[in-house]
Amino acid sequence: MRYFKLETSGFKKDVNISSSCHKQNLIDPKWEKYIMFSKDFDDSAKVALARDMVIHEEFLSEEEEKSIFQEVEPYMKKLRYEFAHWDDAIHGYRETERDRWTPHNTAILDRVRRLAFPTEKQLHSQVHVLDLSEKGYIKPHVDSIRFCGNTIAGLSLLSDSVMRLNHEKEKMMYADFLLKRRSLYIMKDVARYDYNHEILGADISVFRGEKVPRGRRISVICRNRPESAD
Ligand code: OGA
Ligand code: MN
């Protein structure tokens with residue numbers, strides 16, 4: 001009888017401990033550094049979005065940032081910033097695609113690919129390089145599901161910025177992500193299909209109530225192909 005009682009109370013205690021641990025594990029305190037959820041999120045929606053939109057701060061060293069910049073800048077600076085896109089999604093930008101990189105930069109991009117696309121055979125060999133002027137911004141959009149697969153991996157160079165992900169159906173559900181200079185974001189699945197994404201313009205570039213000054217920003221983006229693609 002005694003034994004049974006002890007076991008029962010032990011069991012209850014275990015349940016309490018494991019359920020409180022479980023709850024703590026659900027919401028990772030390190031998200032505070034780079035995700036700000038609007039108040040309409042419940043815990044499971046937070047977990048799903050944070051699982052599929054991960055930011056690796058300091059992914060690039062200062063030397064690596066400079067090395068990529070030096071490779072793209074001679075080409076970029078010959079282009080003019082455009083302030084109207086054919087579909088109006090991006091303002092104040094110039095862009096290119098590149099599939100050949102110096103060996104050093106290839107090694108950096110391979111590090112991105114290994115982390116973001118561990119088993120992927122269907123990568124776009126072209127890397128998208130997007131240069132936003134300090135006045136540039138990207139309006140909410142979902143990347144083409146015809147041309148891009150489930151994962152988008154982006155390096156941020158030269159300036160911090162704020163990326164907002166807004167649920168496509170639940171318009172009150174949005175989350176702001178702080179994209180620090182030299183960070184890598186990996187956006188996939190729920191974050192890539194159920195939410196649109198945008199880069200906030202300088203006038204509204206704010207994270208947790210603090211202004212995030214926007215200078216010129218270059219992103220270097222790797223994508224995979226949709227699964228059905230040949
Ligand atoms: C895009 C885009 C985000 C970025 O080009 O489709 O969303 O990080 N870019 O520049
Ligand atoms: Mn996009």
Side-chain angles (χ1 to χ4, degrees), residues 34-35 49 52-60 64-65 68-69 72-73 75-76 79 81-99 108-109 112-113 115-117 123-168 174-202 204-205 207 212-226:
Y34 67 79
I35 316 179
L49 185 59
D52 288 354
M53 174 68 180
V54 172
I55 296 173
H56 299 266
E57 288 186 0
E58 300 289 337
F59 185 86
L60 296 176
E64 290 171 326
E65 177 191 43
I68 295 176
F69 175 70
V72 297
E73 177 64 354
Y75 180 83
M76 278 299 182
L79 307 177
Y81 284 116
E82 293 180 41
F83 280 84
H85 199 236
W86 61 273
D87 63 357
D88 230 14
I90 319 185
H91 286 254
Y93 75 102
R94 45 195 184 184
E95 66 185 338
T96 186
E97 288 190 318
R98 209 177 176 88
D99 62 0
I108 298 168
L109 292 168
V112 172
R113 294 181 184 118
L115 188 62
F117 310 93
L123 278 185
H124 281 287
S125 56
Q126 298 276 5
V127 176
H128 180 196
V129 183
L130 181 65
D131 177 345
L132 275 187
S133 88
E134 60 183 45
K135 294 190 179 65
Y137 58 94
I138 305 179
K139 289 198 206 168
H141 68 280
V142 175
D143 284 25
S144 162
I145 56 167
R146 281 185 52 202
F147 299 109
C148 319
N150 72 324
T151 304
I152 298 161
L155 293 165
S156 296
L157 277 59
L158 308 184
S159 173
D160 298 348
S161 64
V162 179
M163 183 182 270
R164 174 167 296 171
L165 272 66
N166 203 149
H167 197 279
E168 282 275 275
Y174 66 89
D176 288 343
F177 290 78
L178 179 61
L179 301 184
K180 298 279 263 188
R181 174 178 188 177
R182 297 194 302 278
S183 67
L184 170 71
Y185 66 82
I186 302 176
M187 178 195 298
K188 62 184 174 70
D189 302 333
V190 165
R192 184 254 187 274
Y193 295 112
D194 294 356
Y195 291 77
N196 60 41
H197 56 275
E198 65 187 299
I199 296 282
L200 303 182
I204 52 167
S205 183
F207 185 77
V212 177
R214 266 287 314 282
R216 175 186 178 195
R217 168 182 184 269
I218 294 179
S219 51
V220 175
I221 305 166
C222 299
R223 296 181 170 91
N224 55 356
R225 294 178 197 277

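Numbering of ligands and ligand atoms starts at 1, following listing order. Values in this document were obtained by computation on a predicted structure and should not be read as measured data.
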Stepwise salt bridge (charged side-chain N to carboxylate O under 4.0 Å, His left out) check, E198 with K139:
CA-CA 5 Å; E198 65 187 299; K139 289 198 206 168; over 6 Å; no
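- Distances from the Mn ion (ligand 2) to the N/O/S atoms of D143 are shortest for OD1.
- No more than 12 heavy atoms of other residues, nucleotides or ligands shown are found within 6.0 angstrom of NZ on K180.
- Ring to ring, F83 and H91 are not that close: their centroids are 6.0 angstrom or more apart.
- Nearest heavy-atom pair, F59 versus L155, reported as atom, atom and distance to 0.1 Å: CD2-CD2, 3.7 Å.
- Side-chain polar atoms of D131 and Y81 form a donor-acceptor pair below 3.5 angstrom.
- Formation of a donor-acceptor pair under 3.5 Å by the N224 side chain with backbone atoms of T151 is found in this model.
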Close N/O pairs between ligand 1 and protein, under 3.5 Å:
{"unit_1": "ligand 1", "atom_1": "5 (O)", "unit_2": "R223", "atom_2": "NH2", "d": "3.4"}
{"unit_1": "ligand 1", "atom_1": "6 (O)", "unit_2": "H141", "atom_2": "NE2", "d": "3.0"}
{"unit_1": "ligand 1", "atom_1": "6 (O)", "unit_2": "D143", "atom_2": "OD1", "d": "3.2"}
{"unit_1": "ligand 1", "atom_1": "6 (O)", "unit_2": "R223", "atom_2": "NH2", "d": "3.2"}
{"unit_1": "ligand 1", "atom_1": "7 (O)", "unit_2": "H141", "atom_2": "NE2", "d": "3.2"}
{"unit_1": "ligand 1", "atom_1": "7 (O)", "unit_2": "H197", "atom_2": "NE2", "d": "3.0"}
{"unit_1": "ligand 1", "atom_1": "8 (O)", "unit_2": "Y185", "atom_2": "OH", "d": "2.7"}
{"unit_1": "ligand 1", "atom_1": "8 (O)", "unit_2": "R217", "atom_2": "NH1", "d": "3.4"}
{"unit_1": "ligand 1", "atom_1": "8 (O)", "unit_2": "R217", "atom_2": "NH2", "d": "2.9"}
{"unit_1": "ligand 1", "atom_1": "10 (O)", "unit_2": "R217", "atom_2": "NH1", "d": "3.0"}
{"unit_1": "ligand 1", "atom_1": "10 (O)", "unit_2": "S219", "atom_2": "OG", "d": "2.6"}

